[in-house]
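Presented below is the structure to which this report refers.
Order of appearance sets the numbers: ligands from 1, and atoms from 1 within every ligand. These numbers were taken from a predicted model, which means no experiment stands behind them.
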Amino acid sequence: MKMFKKLLRQIPEAKYYLAIIIVIGSVAGSLIIWQDYNLSYVVSGVFLDARHMQQVWPPLLLLLTIILIRALLTWGNTWLANRLAGRLKINMRARLLTHIFSAGPAYTRGERSGELINTIVEGVEALDPYFSQYLPQAFLSCIIPVVIFFVVLRTDLPSGIILLIMTPILLFLMAMAGMMAGAETKKHWSALSVMSAAFLDAVQGLTTLKLLGRSEEQASEVQRVSDDFRQTTMRTLRIAFFSSFVLEECATISTAIVAVEVGLRLLIGNMSFFTALFVLLLAPEFFQPLRLLATKYHAGMTGSVAVQRIIEILETPAPIDTSLVIEHGSKETMEPTPFTWDTIRLENISYSYDGQRHALHDVSFQIDAGLKIALIGPSGAGKSTLVQILLRFIDVDEGSILVGDQPLQDIERATWREQVAWVPQHPYLFNATIEQNIRLGCASATMEQVVEAARSAHADEFIRHLPQGYQTIIGERGARLSGGEAQRISLARAFLKQAPLVILDEVTSYLDAENETQILDAIIHLQQGRTILVIAHRLRTVLDADQIIVLDKGRLAARGNHRTLLQESKMYQQLLMSYQTTERMDREG
Ligand SMILES: Nc1ncnc2c1ncn2[C@@H]1O[C@H](COP(=O)(O)OP(=O)(O)OP(=O)(O)O)[C@@H](O)[C@H]1O
């Protein structure tokens, strides 16, 4: 119930839809009493009181009208429920995606992508039967039987008492079924998430697994989790079918008891035929909502587990700004915002992912506009964390970052990100056309500007040789491009964005000579007139830098230019030696 309230808080309009569905459902459900009343009147009038057609014509007409109204109300309710479910799914998927984008890579790195995808696809899908069937039925099961009970009680006290005795037994059985199904559905959901994650891992890591000769082990792991999933599915379905069967039987027996009691009293002349027939018609209707609820129980349980996970994701603290930023993508314009700065000062910043170990500790340095800063350090030194902070995917725990005189945290994320272009080591390319991929740098750019950016990134030539040029679809993650080509598309995005600060994670993987020359050339071109912060992996980049920042185990180990660091920093000397060795090995193949 708590989760349900939280979900309704996320989607307020669902409340109104649900209220209308429940009101219409209650009216349609209650009309059955009137319908049964008229039916009993007509049947007892014709068979026992030998009434003529003219005498029963008005109640018969009324009966047909009620049946028609009920049919219309039920149809309208189904339409409304499906509409609510459809809107809800679209809304929820958008919210989840926006939230995950907003929480940024620091969040997704700590989660299994397969599990997140499962929640966005399957979890949101499970909201459909939950909202359109289970929830309205759960409410109607509380309303309609109560109304029918009071009508039966007023019409015939003994039958009312039988219903009163049978109801707690039925409710107890439902509660038992609910408890068993609840625990099993949770297991079922987590087995589904584990299976989705395992499949995604296996597909994404296919090349690595094949090369290491481990594909069979991974296949048997996938087989194992699939088997787990099959078993939990079977268990959940067994419970669902069994509980549905028990409830069905209990409702049938209860109706039969009322029928026997009414039949006996009718025989001994203790009851009128009209009352007996009316009570007999109402008794199954009393149990009908609960029976229907039992058939929707499984969908309801799956939905409520999915709701829990969805709320958990949505409640993960995320930055206030929910702008959608993909790599260095700016949202709208190429126009520079009226916002200038000449320095970025990092003052004693610290950050920890888990609240225990510092990924960055007490780091201070300054980035002057127009200069090229190289960031170096051994693996795990905190370079990527620093970049994540500057891209505002995470905020510092301690210390401050001043852009000019303004604290970075006070600048709206979207405004700040318009100032920054990010060229990662492994750029993410979407399964879209080349033009659309470059255009992520600036949505409103003209085609000429896109081509110009591609030309500056030395990408135009190879693009023109592709079958459909700029309109070629490049496959998931740019599967149909080489590493160097993907890198040049990413650089074209950065050119298109025209941001004053470029953050660059230099390519380390081996590129062929032509690709390497073109990329280095493009980077040099990109650096002109801009401030550059580069996670350097090449000797030449380090030597070219105006300032070098050396990080080690999250701390600032040294800073200065090449000449001073060579004399003063042992760490720097060691890093230079390791760069030299790597590059020599690369050259020697
Ligand atoms: N999402 C995360 N959750 C928890 N710890 C993390 C996370 N990302 C990084 N870390 C830890 O923070 C520290 C700094 O990592 P970071 O990725 O910033 O280093 P790096 O210098 O970029 O390393 P590399 O050169 O290998 O990419 C490491 O100890 C790493 O294990």
Side-chain angles (χ1 to χ4, degrees), residues 99-116 197 201 204 208 312-313 316-319 325 327-328 346 348-365 367 373-399 401 408 420 422-428 483 487 490 502-510 532-539 541-542 545 547-559 565 569 571-572 574-583 585-586:
H99 188 84
I100 291 169
F101 281 138
S102 161
Y107 171 68
T108 46
R109 269 165 86 180
E111 299 282 330
R112 288 194 84 178
S113 333
E115 199 275 332
L116 284 179
D201 261 4
Q204 285 184 341
T208 313
E312 206 177 282
I313 295 177
T316 310
V325 178
E327 277 178 23
H328 36 252
L346 288 83
N348 311 98
I349 64 162
S350 296
Y351 183 79
S352 161
Y353 286 96
D354 52 13
Q356 291 166 2
R357 242 167 11 108
H358 274 120
L360 282 177
H361 188 68
D362 203 18
V363 173
S364 304
F365 66 91
I367 301 170
I373 318 285
L375 195 60
I376 62 170
S379 183
K383 305 180 292 291
S384 307
T385 306
L386 189 69
V387 167
Q388 301 259 339
I389 289 173
L390 284 172
L391 291 169
R392 293 217 60 201
F393 286 132
I394 47 181
D395 281 333
V396 292
D397 294 334
E398 285 163 42
I401 299 176
L408 181 61
V420 192
W422 173 39
V423 185
Q425 207 178 77
H426 303 288
Y428 197 97
Q487 194 70 27
S490 173
V502 177
I503 300 180
L504 199 80
D505 195 351
E506 215 175 16
V507 199
T508 45
S509 56
Y510 182 73
I532 307 286
L533 179 76
V534 52
I535 299 184
H537 298 287
R538 287 167 192 280
L539 197 58
T541 317
V542 181
Q547 200 187 156
I548 301 155
I549 306 290
V550 187
L551 288 180
D552 183 29
K553 296 191 187 104
R555 288 174 185 271
L556 184 76
R559 72 180 152 154
L565 287 178
S569 169
M571 165 69 73
Y572 182 69
Q574 284 167 359
L575 283 167
L576 277 195
M577 263 160 47
S578 77
Y579 287 153
Q580 278 164 342
T581 316
T582 321
E583 283 181 26
M585 280 165 66
D586 272 355

Any donor-acceptor N/O pair, K383 side chain to V534 backbone, under 3.5 Å: no
Whether Y579 side chain and A536 backbone form a donor-acceptor pair below 3.5 Å: yes
Parallel, tilted or perpendicular: rings of Y353 and Y351 (30°, 60°): perpendicular
G380 near ligand 1 by a heavy-atom separation under 4.0 Å: yes
Residue-ligand contact Q388/ligand 1, heavy atom below 4.0 Å: no
Any idea which atoms of ligand 1 are less than 4.0 Å away from a heavy-atom of [X]?
| X | value |
| --- | --- |
| R357 | 29 (O) |
| T385 | 14 (C), 15 (O), 16 (P), 18 (O) |
| A359 | 12 (O), 13 (C) |

Spatial distance of atom CD1 (I532) from atom CD1 (I373) [nearest 0.5 Å]: 10.0 Å
Between CD1 on residue I549 and CG on residue L386, distance to nearest 0.5 Å: 8.5 Å
Option nearest atom 26 (O) of ligand 1 (shortest heavy-atom distance, choices P378, A381, S379): S379
Partners meeting side chain to side chain contact (heavy atoms under 4.5 Å, CB included) with S364 (sequence neighbours left out): N348
Contact check: G382 vs ligand 1, nitrogen or oxygen atoms, below 3.5 angstrom: yes
